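To start, the structure under review is shown below, and the notes come after it.
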Amino acid sequence: MRRSTIKDVAERAEVSLKTVSRVINNEPSVASATRARVAQAIAELGYEPDPSARNLRNGLSFVIGLVYDNPNPYHIIAMQKGVLAACRENGFGLQIQPVDSTSPSLADELVDFVQRSRLAGLVLTAPMSERKDLVDALAARGVALVRIIAATEDPDDGLPCVYVDDRNAAYEITEHLIQLGHRRIGFLWGGPQHRSSGERYAGYEKALQDYGMAVDAGLVVSGDYTFDDGFRGARCLLALREPPTAIFGSNDEIAAGVLAAAKSTGIGVPYELSIAGFEDSPFSRQSWPPLTTAKQATDGIARQAARLLIASLRRHHAYADHPMTTRNQGFMPQLVVRGSTAPPQLRPSSSKGNQ
């Protein structure tokens, strides 16, 4: 079936090609009735503007890039979904680029990616977005960007960002476990290169302190945002002579690994061991029992980041005549209590470790 063209849209809506182009570019100089007629024709024909063709016609790029380095596939998919939704809303295309966040030449690689793909700008995800040296290097070389970062408040540093309050969300999870009666609560770190991991630990630590409980370093295990590290970390904690009655994994993949470790050693969840995760990924809903977690609207966060980038481009490069807001926005993940947490009960002595 032949792909619809802008000429088809113009004929269906009974307007000129230029009017269709103005509607696609969200220009204000189009009557509302005409705009509605063009929008209806676009919907009926399933027409999708070609960003690269617009690039060539007017010298502006209508394609942005999403850059990521994250071991969690569900997180990445949600990010892609959110950015793509914002691009479709605004007639932009999207290029997706996985990178090695530890590469010493990452700034050069990203500048090359922008130039080679003729990108208007980048949405940077963690941990790249939290590397000041990288962000400064890209900004100095004229790369428009927006960052998705972990922070309790707007950094207000002149560079656009969407910030996520991981610290207070982690506080709420830990507080939930404490209020259930848990006094030995393990914590499994995500990747230390991610600021979110440190922010979640800070929330855990602050909740313990506020409730008069000492932070036991023996209950804290380093690792990465992966199922395997959750499994390994949990096996270490569950082998202690006095194991925790609850474990907080820095994300849902880690928590799913904890759940597998508990089942592999015959420990019942939630009464012998409570488990909490973070992010509300499919892992949290598909496990049994389903995981208590912090619901993080990853696709909504990414969508807002892309909108912020496009708004910044329009304000600075005249992509459209009408202004769009470029205000940074914060998100607070919300506690979701499910079947993996409950008041603690004594475990049978046979399930205890011997260390």
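Bear in mind the structure is a predicted one, so any value in this text is a computation, not a measurement.
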Would you name the heavy atoms of [X] and [Y] that are closest together and state the gap between them?
{"X": "G191", "Y": "S197", "value": "O-CB, 3.4 Å"}
{"X": "L309", "Y": "G121", "value": "CD2-C, 3.8 Å"}
{"X": "A86", "Y": "R303", "value": "CB-O, 3.5 Å"}
{"X": "P289", "Y": "S287", "value": "O-OG, 3.0 Å"}
{"X": "I149", "Y": "P155", "value": "CD1-CG, 3.9 Å"}
{"X": "P244", "Y": "L237", "value": "CD-O, 3.4 Å"}

Straight-line distance of [X] [atom1] to [Y] [atom2], nearest 0.5 Å:
{"X": "I247", "Y": "L259", "atom1": "CD1", "atom2": "CG", "answer": "10.5 Å"}
{"X": "D154", "Y": "C161", "atom1": "CG", "atom2": "SG", "answer": "5.0 Å"}
{"X": "R183", "Y": "T245", "atom1": "CZ", "atom2": "OG1", "answer": "9.0 Å"}
{"X": "T298", "Y": "E279", "atom1": "OG1", "atom2": "CD", "answer": "5.5 Å"}
{"X": "R118", "Y": "R116", "atom1": "CZ", "atom2": "CZ", "answer": "13.5 Å"}
{"X": "L138", "Y": "S129", "atom1": "CG", "atom2": "OG", "answer": "11.5 Å"}

So, [X] side chain and [Y] main chain: donor-acceptor pair closer than 3.5 Å or not?
{"X": "S281", "Y": "F283", "value": "yes"}
{"X": "N90", "Y": "F92", "value": "no"}
{"X": "S340", "Y": "P270", "value": "no"}
{"X": "T265", "Y": "A262", "value": "yes"}
{"X": "H182", "Y": "L273", "value": "no"}
{"X": "T125", "Y": "V67", "value": "yes"}
{"X": "E130", "Y": "A150", "value": "yes"}
{"X": "R232", "Y": "G223", "value": "no"}
{"X": "S284", "Y": "L291", "value": "no"}
{"X": "D224", "Y": "T226", "value": "no"}

Applying ring pair (Phe, Tyr, Trp, His ring centres under 6.0 Å), can you list everything that pairs with F248, at least two apart in sequence or on another chain?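 Partners of F248 by the ring pair (Phe, Tyr, Trp, His ring centres under 6.0 Å) criterion, ordered by chain and then number, come out as F187.
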With sequence neighbours left out, which residue pairs that include part of [range] fulfil the salt bridge (charged side-chain N to carboxylate O under 4.0 Å, His left out) condition?
{"range": "residues 95-111", "answer": "D108-R141"}
{"range": "residues 330-345", "answer": "D280-R338"}
{"range": "residues 184-197", "answer": "R184-D216, R184-E242"}

Stepwise, does the side chain to side chain contact (heavy atoms under 4.5 Å, CB included) test hold for D210 with Y171? CA-CA 10 Å; D210 284 354; Y171 184 104; 2.8 Å; yes
Is it the case that T341 and T292 place a side-chain donor and acceptor less than 3.5 Å from each other?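 A pair is found: one side chain offers a donor N or O, the other an acceptor, under 3.5 Å apart.
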Taking side-chain hydrogen bond (donor to acceptor under 3.5 Å, both in side chains) as the definition, give me every residue that meets it alongside [X], ordered by chain and number, with sequence neighbours left out.
{"X": "K7", "result": "none"}
{"X": "D166", "result": "R200"}
{"X": "R37", "result": "none"}

Is the shortest heavy-atom distance from the side chain of [X] to the side chain of [Y] under 4.5 Å?
{"X": "L110", "Y": "V143", "answer": "no"}
{"X": "E253", "Y": "H75", "answer": "no"}
{"X": "R235", "Y": "S264", "answer": "yes"}
{"X": "S312", "Y": "V146", "answer": "no"}
{"X": "L188", "Y": "D229", "answer": "no"}

Within one Ile-Leu-Val-Met-Phe-Trp-Tyr cluster: [X] and [Y], side-chain cutoff 4.5 Å:
{"X": "V123", "Y": "Y163", "result": "no"}
{"X": "I254", "Y": "F231", "result": "no"}
{"X": "L66", "Y": "I301", "result": "yes"}
{"X": "I77", "Y": "Y68", "result": "no"}
{"X": "L84", "Y": "L308", "result": "yes"}

Who pairs with [X] by side chain to side chain contact (heavy atoms under 4.5 Å, CB included), at least two apart in sequence or on another chain?
{"X": "P282", "value": "Y74, R285, Q286"}
{"X": "P343", "value": "L180"}
{"X": "R167", "value": "T152, D165, E199, A202"}
{"X": "L208", "value": "T174, I178, I185, Y204, M213, V215"}

W189: which of F278, Y225, Y201 passes ring pair (Phe, Tyr, Trp, His ring centres under 6.0 Å):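 Of the listed residues F278, Y225, Y201, the ring pair (Phe, Tyr, Trp, His ring centres under 6.0 Å) partner of W189 is Y201.
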For residues 329-336, dump all side-chain donor-acceptor pairs below 3.5 Å to protein atoms at least two apart in sequence or in another chain.
| unit_1 | atom_1 | unit_2 | atom_2 | d |
| --- | --- | --- | --- | --- |
| Q329 | OE1 | Q304 | NE2 | 3.2 |
| Q334 | NE2 | M332 | O | 2.8 |

From CA spacing to verdict: side chain to side chain contact (heavy atoms under 4.5 Å, CB included), V269, V258: CA-CA 10 Å; V269 177; V258 176; over 6 Å; no
Would V83 and M79 satisfy side chain to side chain contact (heavy atoms under 4.5 Å, CB included), going step by step from the backbone distance to the final call? CA-CA 6 Å; V83 174; M79 283 281 177; 5.5 Å; no
Trace of the side chain to side chain contact (heavy atoms under 4.5 Å, CB included) decision for C87 with I64: CA-CA 8 Å; C87 288; I64 63 174; 3.6 Å; yes
